[in-house]
Structures are given as structure tokens and as C-alpha cells.
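Only one structure is covered here, and it is reproduced in the block below.
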2 protein chains.
Amino acid sequence: MAEQISDGDAPRSSPGRPSCCGEAEHPLTDRELAADIRTLAAVGNETRYEALRLIAEAEDGACGCELEPALGVSQGAVSQALSRLYAAGLLARRKDGRWRYYSVTPRAERLLDVLDETRSHDDD
Amino acid sequence: MAEQISDGDAPRSSPGRPSCCGEAEHPLTDRELAADIRTLAAVGNETRYEALRLIAEAEDGACGCELEPALGVSQGAVSQALSRLYAAGLLARRKDGRWRYYSVTPRAERLLDVLDETRSHDDD
DNA sequence: CACTAATATTAGCGTACTCTAATATAGGGG
DNA sequence: CCCCTATATTAGAGTACGCTAATATTAGTG
């Protein structure tokens, strides 16, 4: 895609420059990157983050109908939120009669722990 | 608007119901919740997450100009990304001449560690 | 077998997000 | 002093997001 369009005389950086502006790399594959972002984007939303916190507090998991009043959004929105958290690997679920019980995965648990342990209180 | 138009005898849930649909609560204040979401939403984006990973790999921090080619977005976008990560408490920064060097905070470091340690590989 | 409750799915609307391009600020160097 | 590099800021455009409302599906219950 035609990088370096101009001719050779354009001095983008003199040879005597400091160590700045070299190459930078990280060790993640595209799949790992995508998985991480899916996870983070899933919790980076008020409704979903609160849902995750509520489920983490419940002993044996929680069903959608428990969360609906606390979250203050419609039933459809709760269902969408839980599905997305599940797809992101943050919730496990089991069917029991006409209810579906959600519980947090180890990944979610550790994520919440880190947030609790590193939260800055003069932050605002 | 006109919820429950019918009379009061409507049995919304029989008395013998299981423990479902009670109250749910979590122990976070509004400020803590907002801070967490600001943090999570900041990393839940490809450009910013990759920037954070790149900076975490660099030994003594990285400046914006190092990241720009790797991130593949404009200079303005890089600056916006770094500012937002900084505001979210995930980056520290120091001025050095005409450069500004960014490094990850403990909060960011631990967040990345958890993602590495709990990432599922059959996830797709 | 209706009836009801819990959940899932879909369309559509309003908003927030993220980029580019342009411009402004700040700090060296010839 | 002018120029060049690194960074910050802003407006605007295109897109993605998150909700509601409506409807479909699934599973108990009288």
C-alpha cells in the first residue's frame, strides 16, 4: 500500500537521532488479542459490569430475573448482557427448569479481584 | 404508564416458588463502579489495548512516536489513546525533552497478567 | 391443554465512540 | 531566528453500541 510515497530525499529522521522511534512489538497473536479485547469490552459497560458483580456476589449463581430489578433495564437488555458475558468467557451457565443460572468463571473472578486490589481511591 | 392495569388479585408469583427472583446486591460504591468501568472501557478497544501491550513490553517506557507505526493509526489517534489510558490510571508518564515517555502502572500490569494467565485457547 | 413465567431474538432508534485531517503548542538544532 | 519533530486539541464523518418494544421459544402448572 504505497508506504513511503515521497522520494528518497525526505529526511524523516536524521541518522544522529536518539534512541526514540524504533520498532515496537508485543508477543500476542491476533487470536489472543481478539479474545482479550472481547473480554475487556464485555465488562467495560455499566450494565454488564454490574451484572457480573451481582453474579459474583451470589452464592450459587443467579438467574436473569434476579438481576433485572437491580440493573434497571428491560428483560431483553439483561438477556443480551448475560449472553455477551457468557460469549466472552466470563460467565458459566446451567439450565434448571425454566431458569438459567449464571455463575462467574475463574477468569472473571480473578479480573474482579485485581480491580478490587488495585483500585485507586483518589481517582476522579 | 399504567402498569398492571388489572385488579390486585393477579398472582405474579405463587408463594411456593423456589428462591428465584429475590433481591441482588453488590458491595461497590458508585465511584468505585465508575472508576472500574473507566478502566475496563479504556482497554476494551483494539488500538488502546495494543498500545498498552506495547508499552508493557518496553523496558523504560515508550514514547508515542514508537507506537504510531505499530498501531497503524494517525498521530492524533495515538495521542488520544494514550491520554485515555492515562486518565484511566493504566499509564504513568514522564516528560523528557520533546518526548513524553509512557509506562504501565501496577494496575495495568496486574490486569495484563490475569489476562495472560486465564486466557482460554479453545476460545473462538 | 390453555396459561403463565423465564428467557431468547430481532428491528429500529438515539447516542456515543473512534478515526482522520487540520491546527496549535512546545522544545531543540543549524 | 526559522525550521523540524513530538505531542496535544478540535471539528466532523462514519460506524458501532445499547437500549426498548415486540415477538418467539421453552418449560412448568392447574
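Residue numbers begin at 1 in each chain, while the letters A, B, ... track the order of the sequences. The analysis underlying the following values was restricted to heavy atoms, covering all of them including side chains, and did not include hydrogens, waters or symmetry mates.
In this structure, the CD1 atom of A:Ile37 is 12 Å from the P atom of D:dC17, given to the nearest Å. One interatomic measurement links the two molecules: CG of B:Asp96 to C1' of D:dA6, which rounds to 12 Å at whole-angstrom precision. Counting to the nearest Å, the C1' atom of D:dA6 and the CZ atom of B:Arg93 are 14 Å from each other. As a whole-Å value, the separation of A:Arg84 CZ from C:dT7 C1' is 19 Å. Here D:dC17 presents its C1' atom at 15 Å from CG of A:Leu85, a figure rounded to the nearest Å. Rounded to whole Å, atom P of D:dC17 lies 13 Å from atom CZ of A:Arg38. For A:Arg98 and C:dA8, the CZ to P distance is 15 Å, given to the nearest whole Å. Atom OH of B:Tyr101 and atom C1' of D:dT5 are 13 Å apart (whole Å).
Taking the charged nitrogens against the carboxylate oxygens, B:Arg107 and B:Asp36 do have a contact shorter than 4.0 Å, which makes a salt bridge.
Residues A:Gln75 and A:Arg48 both approach DNA chain D. Their nearest nucleotides, taken by heavy-atom distance, put A:Arg48 toward the 5′ side.
Nucleic acid contact for B:Ser83: none, since no nucleic acid atom lies under 4.0 Å from a heavy atom of the residue. Within 4.0 Å of B:Gly76, counting heavy atoms only, lies at least one base atom of the nucleic acid.
For B:Arg100 and D:dA8, the shortest distance from a side-chain N or O to OP1 or OP2 is below 4.0 Å. The side chain of A:Asn45 places no N or O atom within less than 4.0 Å of a non-bridging phosphate oxygen (OP1 or OP2) of D:dC17. Of the side-chain N and O atoms in B:Ser74, none sit less than 4.0 angstrom from OP1 or OP2 of C:dA21.
B:Ala42 and B:Leu85 make their closest contact through O-CD2, 4.0 Å (heavy atoms, listed as atom of the first residue, atom of the second, distance).
Between the side chain of B:Gln80 and the base of D:dT10 there is at least one donor-acceptor pair of N/O atoms closer than 3.5 Å.
Using a distance-only test at 3.5 Å, with no hydrogens or angles considered, a donor-acceptor pair links the side chain of B:Arg48 to the main chain of B:Ala41.
The B:Ala77 side chain lies nearest to C:dC19 when the options are D:dC19, C:dC19, D:dT7. Counting only heavy atoms from C-beta on, B:Lys95 has its side chain closest to C:dA26 among C:dC19, C:dA26, D:dT7.
A cation-pi contact links A:Arg93 to A:Tyr86, judged by a cut-off of 6.0 Å to the six-membered ring centre and 45° from its axis.
Within a 6.0 Å radius of CD in A:Glu68, other residues, nucleotides and ligands contribute more than 12 heavy atoms.
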